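Have a look at the structure below, then the notes.
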Amino acid sequence: MTKAVNESLPTSAVTEKIKLGLKKRHRSEMMFKTTGLAAVLLGFMLVFVLLFDITSKALPAFHQHWVQLEVDYSASNLRYSEGDSLENLRYRSTLRKAIANQFPDVKSRRDKRQLNGLYSSNAEFAIKDFLIANPQALNTVQNVWVRVDDDVDIYLKETTSLGEPLIRIDEKEAQWIKSLVEAGQIDKRFNIQFFTSSDSREPELAGVRGALTGTMLTMLVTLVLSFPLGVAAALYLEEFAPKNKWTDMIEVNINNLAAVPSIIFGLLGLAVIINLFGLPRSAPLVGGIVLTLMTLPTIIIASRASIKAVPPSIREAATGLGASKIQTTFSHVLPMAMPGILTGTIIGMAQALGETAPLLMIGMVAFIVDVPASITDASTVMPVQIFLWADSPERGFLAKTSAAILVLLGFLFLMNASAAYLRRRFESK
Amino acid sequence: MVDIISAKSLGSNDIKIDGAVGEPFCDDAKMSMRNVDVFYGDNQAIHDVSFDLEKNQVTALIGPSGCGKSTFLRCLNRMNDLIPICNVKGSLQLDGEEIYGKQMDPVLLRARVGMVFQKPNPFPKSIYENVAYGPKIHGLATDKSELDEIVETSLRKAGLFNEVKDRLDQPGTGLSGGQQQRLCIARTIAVSPEVILMDEPASALDPIATAVIEELIHELKEKYTIAIVTHSMQQAARVSQKTAYFHLGKLVEMGDTKQIFTNPRHELTENYISGRFG
């Protein structure tokens, strides 16, 4: 019908007809392009806002204020007599004396206690460590730098940046701090402690090393378990398994498993892996196993899609040469599917990296001060550490939380970069 | 063109096919097939086909689209095993050994009966790796120099060596279509098969590349027994000594190529080669 109509029209009339519709077609194309661009820009903006916010909040955590103390390491002060170990001397009273020397005007007991609160509770150990590191300092007077209390630290950071005194610093304390600053006894230093120490109740002492090590160990367990298992399962289902209702059922179940809330896997880990098999609580090993269960469906689904996408002509070519099924699979299908498999793996690992809920169930939420040395040591992970710090009342943890988020993002970035590198290597082959 | 219109649309169903005419059998057979039926599920694709592939000869399988010639070719080295619903009945023998017998290992069979496919399908690896893969998996070379030699002779036989000798480490997928197909032929020869099956090896190539491949087939028949499926009757006439004409899954006629193209015995064959249908 249309054909007949078109034939009856002269050519120019057909052109006219097309021209009429052209405007509309171009407009819809423009609309679609603009919408797409707007979506991309909006996404970028949100990411930028997020990063900017976190970074600006995190920056203070990377610096810390130190205060100089004139410590009198005299034997009488320390109650030291020849042959004594340097471990158990009177460091606390020595510290108190040094502080009192710094502020000779402070007399009352109450004021003194308040004054002591300006120094980190770790200062006592700092002067002890100094003496153990420099035993020749015995019976001399030394200048030792110790950390300030977290409230003082924040006060110093915020008066310099925001100009408004906040938090638990009163008039008197502000005066003392001012005199210290004017005497040049306050110094701002890079907070290396943040990367070298583990969690602490004191914000000025807390660091991410324990959680970061825990995350690395947990991710390692997850990768070592889920990658081979996932790829093997995908290869079996795609290349070897007969296509029948059993494999169909397995496929449906794997897809469903990908949608199971992660906390369920945590409960499973608690009930089966810890209570039934008796593996240690809070350990990266158990965390890794639980996250493996969570990651497996993602890896299997992505791997299957990627294996399916390998052209059948490659399988035919290898089979036609007399390659056995396993040779075809491992020398041709798997290498060609590898980039897609790696993409799936990195998505699964990234999910696992950010997972908190199932790890709470298996006890990785505990307060752990030691850096885990093996996969069976008690440990926590970065997202749980962030959760713990975000939950802490001390204001000093505010910046720490943001800084920990930055560290977690950095870890994720490194993980993705290495996957991208591996993928490029497989693609170029 | 022959391959556009399928035989079913030609109203040729009323012409009876009553067993193959001509000379489907010979004394010096490399492969002999008897009463072969092939089913895809409930669909019968090949009906009672019997003929021989003569040793060191090129046998062309021709026929309209959907006549089952490719299906049949793929039975000869059990490539149809890859299709779960495909079922082959009857007797297919290679040097008197039953191809679908329990004694026959499909891996060994495919090493003895190589295949070249319609679309060039080199592995996404280097040219060298492409040719060396077969000898490697079958353990045909004991050391690197022996493998190098196999690769070189295979590429030479496929007429490709001079074109690629400086870039053996480049990916095989970077070659032109004709070169890729010759690479696939070199890959097949490298395993030293006894029979080479070719499934429309030149259909994706331009006339010049086709001529090169045809020339190659001509030389290869000195050493190998070749079966080639083709849509081009001219090609069949040029390269083959024997021709088998398939129609709707049945073998209609088989005989010397010259005789088939000059003096066909069956009405359907005559219709097909004279271009009356297709």
Side-chain angles (χ1 to χ4, degrees), chain A residues 231 234-251 303-343 420-429, chain B residues 73-74 76-85 105-126 129-140 154 169 171-173 180-181 183-193 195-199 204:
Chain A
V231 173
L235 277 178
Y236 176 75
L237 287 172
E238 270 313 308
E239 298 286 315
F240 296 95
K243 301 272 175 283
N244 55 29
K245 64 175 187 215
W246 289 108
T247 43
D248 282 350
M249 210 171 81
I250 290 174
E251 178 163 3
S303 301
R304 285 189 72 176
S306 161
I307 290 165
K308 217 178 252 173
V310 173
S313 69
I314 295 296
R315 292 187 184 87
E316 281 189 338
T319 313
L321 276 176
S324 63
K325 187 98 197 173
I326 204 106
Q327 285 169 327
T328 308
T329 305
F330 281 93
S331 37
H332 300 290
V333 176
L334 190 59
M336 283 187 83
M338 210 33 131
I341 293 176
L342 283 176
T343 306
Y421 169 75
L422 279 176
R423 227 175 65 172
R424 183 148 321 154
R425 277 199 48 186
F426 273 107
E427 273 169 352
S428 66
K429 257 185 195 168
Chain B
L73 193 74
R74 292 165 65 94
L76 301 184
N77 69 344
R78 292 182 61 172
M79 284 303 280
N80 282 337
D81 288 9
L82 296 185
I83 306 162
I85 56 163
D105 188 330
V107 167
L108 179 64
L109 171 71
R110 291 179 195 130
R112 292 173 65 189
V113 183
M115 189 160 199
V116 176
F117 298 87
Q118 180 171 6
K119 247 178 79 187
N121 55 354
F123 300 127
K125 298 180 184 226
S126 73
E129 287 281 322
N130 260 286
V131 183
Y133 182 69
K136 259 191 206 162
I137 56 171
H138 296 303
L140 300 184
S154 307
D169 55 339
T173 40
Q180 283 190 16
Q181 194 60 298
L183 177 62
C184 292
I185 294 175
R187 184 174 69 183
T188 309
I189 303 172
V191 188
S192 307
V195 182
I196 300 177
L197 310 174
M198 296 184 169
D199 191 355

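Below, chain A is the first sequence line, B the second, and so on; all start at residue 1. Remember, it's a predicted structure, so these values are computed and weren't measured experimentally.
Heavy-atom proximity under 4.5 angstrom to chain B picks out A:Ser313, A:Ile314, A:Glu316, A:Ala317, A:Ala318 from residues 310-318 of chain A. Taking non-hydrogen atoms and a 4.5 Å limit, the residue list of residues 327-339 of chain A in contact with chain B, ordered by number, reads A:Gln327, A:Thr328, A:Ser331, A:His332, A:Met336.
In this structure, B:Ala190 and B:Val131 approach most closely via the heavy-atom pair CB-O, 3.5 Å. Among all heavy-atom pairs drawn from A:Thr343 and A:Arg423, the shortest one is OG1-NH1, 2.7 Å. The shortest heavy-atom contact between B:Pro122 and B:Cys184 is N-SG, 3.8 Å. Closest of all the heavy-atom pairs between B:Gly114 and B:Pro193 is N-CB, 3.7 Å.
Annotation: B:Lys136, atom NZ; neighbour count of heavy atoms from other residues, nucleotides and ligands within 6.0 Å is above 12. Sparse packing is recorded around OH of A:Tyr421, with 12 or fewer heavy atoms of other residues, nucleotides or ligands lying under 6.0 Å away.
For a residue to count as touching a neighbouring chain, one of its non-hydrogen atoms must lie under 4.5 Å from one of that chain's; by this rule B:Ile137 touches chain A with backbone and side chain alike. Neither the backbone nor the side chain of B:Arg112 has a heavy atom closer than 4.5 Å to any heavy atom of chain A. In this structure, the portion of B:Phe117 lying under 4.5 Å from any heavy atom of chain A is its side chain and not its backbone. Only the backbone of B:Val113 comes within less than 4.5 Å of a heavy atom in chain A; its side chain stays farther off. Interface remark: B:Val107 contributes backbone and side-chain atoms alike to the contact with chain A (heavy atom separation under 4.5 Å). Residue B:Pro171 does not touch chain A at all, counting heavy-atom pairs closer than 4.5 Å.
Legend: residues meeting side-chain contact (heavy atoms from CB on, under 4.5 Å) with B:Asp169, ordered by chain and number and at least two apart, are absent. Under the side-chain contact (heavy atoms from CB on, under 4.5 Å) criterion, A:Leu422 pairs with A:Leu342, not counting sequence neighbours.
Judged purely by atom type and a 3.5 angstrom limit, A:Asn244 uses its side chain to pair as donor or acceptor with the backbone of A:Thr247. A donor-acceptor pair under 3.5 Å links the side-chain atoms of B:Asn130 to the main chain of B:Phe123, judged by distance alone.
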Next on the checklist: Using the rule given for side chain to side chain contact (heavy atoms under 4.5 Å, CB included), can you reason through A:Lys325 versus A:Phe240, listing the C-alpha separation, both sets of side-chain angles and the distance that settles it, and then say yes or no?
Outcome noted: CA-CA 8 Å; A:Lys325 187 98 197 173; A:Phe240 296 95; 3.1 Å; yes
Next on the checklist: Does A:Glu251 form a side chain to side chain contact (heavy atoms under 4.5 Å, CB included) with A:Leu237? I'd like the steps, not just the answer.
Outcome noted: CA-CA 9 Å; A:Glu251 178 163 3; A:Leu237 287 172; over 6 Å; no
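When only modelled atom types and interatomic distance are considered, A:Thr319 and B:Arg110 share no side-chain donor-acceptor pair under 3.5 Å.
Contact count against chain A (heavy-atom pairs under 4.5 Å) is highest for B:Met79 among B:Met115, B:Met79, B:Arg74.
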